[in-house]
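As C-alpha cells, the structure follows; a few thoughts come after it.
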Amino acid sequence: IPCDRRLLFPAGAILLARKDAHHLAVIGAGAQGRSHLAAMMEVRDIQKVTVYDQRREAAKKYQKEMEEIYNHLQGAKHLETEERKNASHQ
C-alpha cells in the first residue's frame with residue numbers, strides 16, 4: 001500500500017499532541033521545519049512558535065517568513081541553548 005509521508009506527521013500530532021496544545025517547538029529552520037509548522041497549523045490551534053537552529057540567521061529568516069504567512073502567531077523565537085554554547089568551547 002503506497003503511503004504519503006506528508007500525512008504521517010499530522011497523524012502523529014493528532015494522536016500524540018494534547019488537544020489544547022498552542023505552543024509548538026520547531027528544531028531546525030529549514031524546509032522540514034516549515035512543513036512541520038504548516039502541518040501542525042492544520043490540526044492544532046498554534047498560537048506561538050519557538051524555533052531553534054544552529055545558525056542564528058536561519059532562525060531569524062524562519063521567524064520573519066512564518067510571521068508573514070501566519071500573521072496571527074505571537075512570534076517565532078530563536079533559542080540559543082547553554083548546551084550549544086558549552087559545546088563550542090570544548
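Along the sequence shown, residues carry numbers from 1. In this text the structure is predicted, and so the values were computed from the model without any measurement.
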Identify each donor-acceptor pair in which a side-chain atom of residues 21-33 lies under 3.5 Å from a protein atom, sequence neighbours left out, and give them as a table.
| unit_1 | atom_1 | unit_2 | atom_2 | d |
| --- | --- | --- | --- | --- |
| His22 | ND1 | Asp45 | O | 2.8 |
| His22 | NE2 | Asp20 | O | 3.1 |
| His23 | NE2 | Thr50 | OG1 | 2.6 |

Between Leu37 and Tyr62, is there a side-chain heavy-atom distance shorter than 4.5 Å? yes
Of all heavy-atom pairs linking Arg18 and Arg44, the shortest is O-NE, 3.0 Å
Could you tell me whether Lys64 and Glu68 make a salt bridge, using a distance below 4.0 angstrom between a side-chain N and a carboxylate O? yes
NZ/Lys61 to CE/Met66 distance, rounded to the nearest 0.5 angstrom? 9.5 Å
